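When a residue number appears, it is its place in the shown sequence, counting from 1. Fair warning: this is a prediction, and the values are worked out from it, not measured in the lab.
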Amino acid sequence: MKKYALFLVLSFILSFKAHAEDGSRLWLRYDSTAMKSITLQLDPAMPLDDGYRIEGRVVKARTQQGLLYGKYACLRGEQGESHPYFRLRILNHWDNIDGSIERGYAGNSIFWDGSPSSPLNAQLINSYAEACASIGINGTVLNNVNASPKMLTTAYLNKVKEIADILRPWGIRVYLSVNFGSPKALGATRTADPLNPQVRRWWNNKAKEIYRLIPDFGGFLVKANSEGQPGPFDYGRTHADGANMLADALKPYGGIVMWRSFVYGAKHKGEDRVMQAVSEFADLDGQFRDNVILQSKNGPLDFQPREPYAPIFDQMKQTKQMAELQITQEYLGQGDHLVFLAPMWKEFFSYVEPSRLVGIAGVANIGLDTNWCGHHFAQANWYAFGRLAWNPAISSEQIASEWLGLTFNEECGLKGMMLRSREACVDYMMPLGLHHIFKFDHHMGPEPDGFKAEYPLEWCPVYYHKADAAGIGFDRSTRGTGATRQYREPYCTLYDSPATCPERYLLWFHHLPWDYRTLSGRTLWEEMQYRYNRGVSEVEDFIRIWQEARPYIDEQRWQEVDAKLHKQLHDAQEWRDTCLDYFGSFAVR
């Protein structure tokens, strides 16, 4: 009997592994029988939103969209009632019209290929829409925040209409990133001054054209006066002047403006970069139109593996705000490292109360690769973003369990690896609050000695760690740049002293001697060595866990993830060795 049972188990494993798996189905591995067994019922007694109630295999909702969301929730095993926390749950694609993707690690764009007249891959975009809808995403920005003015030409707007028609049945609105200087760049005006009547007329007419093509168009995302992008500062105007001009153009149609606060190097050159967003926006609080939303990154610097929350969320009390998270792993190993980001985002929400936000945006990690995201486990971050946008109270553990169950049929010991992976990445890249010590431009790999005279100092790694014979770290206390003053209490006081500052942010806020005693009793230099080595050990353990899971994973995905894990180990060792060698030249005397 035991031999027969063993035979059945082995037969199941072999048949499961024999089925080709390339990752293209994401977490949507449902058969037609499971879909047909769910009953959908409109219920006018439900609250007037896109929430749902699930009782057994019966889904009830007030709207058709709610029924759609409820169907997928039922398929992943939910029961009871659920409603979307954020009204705006939007993916930001950094896709360029030539088909490339800025900070994209999964192939070219699924939307653009360099020509507005080329046919769309409607089936692929429909599959994308289903995946987004299955986790509650209801909006998508189709192009890069470093936007080409050509995006607003009629030829490209016609293509946006085609995409919108595919996404609409799934409850997904389209938005566009716009170049603030578009009317001037396209030759329609001699200026892009937001107070110029001709410029305002151009934007009003452009909004009218867009809504004639796409009646449910969502609105604009704008990056202005940052990293060389044009903006209202070019004409002596404010962010409020620029945002309000666009908001007025969209207002008659119900559109919104998402104005990014990631600005530096314009008005406040030389100031601590993490302080510049508050410096530029705090005095404008209350001056924005009611259809303007300030979109801010979770941290004040630039999507680092660990940052404290951005203090702009504390300072803007009369302006609508939304958080911008980065799903694509620009600073977290890109398409090569297994790093589950739900714990990072949960950390952010432990400091910034979700009720203070009207929406949440995620910089997408999606491309033309067969598995959509380059790394099979990177799909979990797309999934996690959608689930947290729907319900920021859901735990990282639950999200990991859901995704593993839907993607690999069972956890097979992988959940712990996923939950540990972000902290491991922090350890082998930049522990104890170290930050921005990546190689220039591409942000892959360590370069703690990085300095280029032709670059602004605030782009150079040596500016951020400030290692010298006396110690290491960036003094942002009231004795240094004063960045701690931008935080609300108790964090202002908490971060201001090394004795009370959480060790995960220690070197973010303080420059400390190499023999400073950490909570473990080790010196700062010893603690750095310990954590760099711990990060590498964690990746070695991830490889062991993945080896043990091999009997339960189809061969193609197992091999592809295994290769990525070994690349991650090599990279983690490079980070450790490079950083300890460099910092050791100061610490060891």
Side-chain angles (χ1 to χ4, degrees), residues 94 100-107 227 273 299 301-307 326-341 344 363 365 367 369 373-375 377-378 381 421-467 472-474 507-508 528-529 531-540 542-543 560-587:
W94 285 0
S100 64
I101 302 176
E102 184 173 343
R103 309 306 179 189
Y105 313 108
E227 298 182 325
R273 179 168 151 182
L301 188 55
D302 192 16
F303 297 133
Q304 301 291 292
R306 168 164 280 132
E307 300 186 32
Q326 191 177 53
I327 307 170
T328 190
Q329 295 170 219
E330 177 180 355
Y331 292 100
L332 291 109
Q334 301 181 356
D336 290 329
H337 293 200
L338 191 164
V339 184
F340 181 49
L341 298 181
M344 171 191 281
V363 181
N365 63 342
D369 280 6
C373 300
H375 195 307
F377 275 80
N381 293 328
S421 61
R422 183 270 182 129
E423 202 64 40
C425 180
V426 171
D427 275 351
Y428 65 70
M429 285 187 177
M430 44 194 66
L432 296 167
L434 286 171
H435 51 287
H436 222 314
I437 54 178
F438 294 89
K439 291 182 179 178
F440 282 95
D441 298 329
H442 57 74
H443 299 157
M444 184 65 177
E447 196 168 54
D449 61 342
F451 173 78
K452 293 185 179 181
E454 66 272 23
Y455 274 61
L457 184 59
E458 61 183 11
W459 286 19
C460 298
V462 296
Y463 168 78
Y464 290 98
H465 62 69
K466 301 190 184 302
I472 185 172
F474 199 120
L507 300 181
W508 181 284
M528 287 176 61
Q529 295 175 79
R531 297 202 183 199
Y532 272 109
N533 280 300
R534 184 175 68 180
V536 172
S537 296
E538 282 285 79
V539 181
E540 290 172 338
F542 297 165
I543 292 175
E560 290 172 355
V561 171
D562 187 63
K564 295 278 190 181
L565 284 172
H566 280 86
K567 174 66 163 62
Q568 184 172 356
L569 177 60
H570 174 273
D571 292 348
Q573 291 167 336
E574 180 190 6
W575 270 96
R576 177 196 61 192
D577 297 344
T578 301
C579 291
L580 292 183
D581 283 350
Y582 175 76
F583 294 132
S585 68
F586 299 100

To the nearest 0.5 Å, how far apart are CZ in Arg422 and CG in Leu332?
-> 8.0 Å
Point-to-point distance, once rounded to the nearest 0.5 Å, from CZ of Arg273 to CG of Leu301 = 5.0 Å
In chain order, what residues pass the side chain to side chain donor-acceptor pair (under 3.5 Å) check against [X], with sequence neighbours excluded?
| X | result |
| --- | --- |
| Glu227 | Lys223, Tyr264 |
| Thr578 | none |
| Asp571 | His337, Lys567 |
| Glu560 | His376, Gln556 |

Take Gln568 and Tyr428, measure what side chain to side chain donor-acceptor pair (under 3.5 Å) needs, and give me the verdict at the end.
-> CA-CA 10 Å; Gln568 184 172 356; Tyr428 65 70; 3.1 Å; yes
I need the full list of salt bridge (charged side-chain N to carboxylate O under 4.0 Å, His left out) pairs touching [range], with sequence neighbours left out, sorted by first then second residue.
| range | answer |
| --- | --- |
| residues 429-438 | none |
| residues 446-459 | none |
| residues 424-446 | Asp427-Arg534, Lys439-Glu574 |

Is the centre of the [X] ring less than 6.0 Å from the centre of the [Y] ring?
| X | Y | value |
| --- | --- | --- |
| Tyr455 | Phe440 | yes |
| Tyr463 | His436 | no |
| Phe340 | Phe377 | no |
| Phe438 | Trp575 | yes |

Please name all residues satisfying ring-ring contact (aromatic ring centres under 6.0 Å, His included) with [X], sequence neighbours left out, ordered by chain then number.
| X | answer |
| --- | --- |
| Tyr582 | His465, Phe586 |
| Phe303 | none |
| Phe451 | none |

So, Asn381 side chain and Ile327 main chain: donor-acceptor pair closer than 3.5 Å or not?
-> no
Is the side chain of Arg306 donor-acceptor paired with the backbone N or O of Glu423 at a distance under 3.5 Å, no angle test?
-> no
Classify the ring geometry between Phe474 and His435 as parallel (under 30°), tilted (30 to 60°) or perpendicular (over 60°).
-> tilted
Under the salt bridge (charged side-chain N to carboxylate O under 4.0 Å, His left out) test, which residues partner Asp369, sequence neighbours left out?
-> none
For Arg103, enumerate each residue passing the salt bridge (charged side-chain N to carboxylate O under 4.0 Å, His left out) test, keeping only those at least two apart in sequence or located in another chain.
-> Glu330
Answer with yes or no whether the side chains of Glu307 and Tyr331 bring together a donor and an acceptor at under 3.5 Å.
-> no
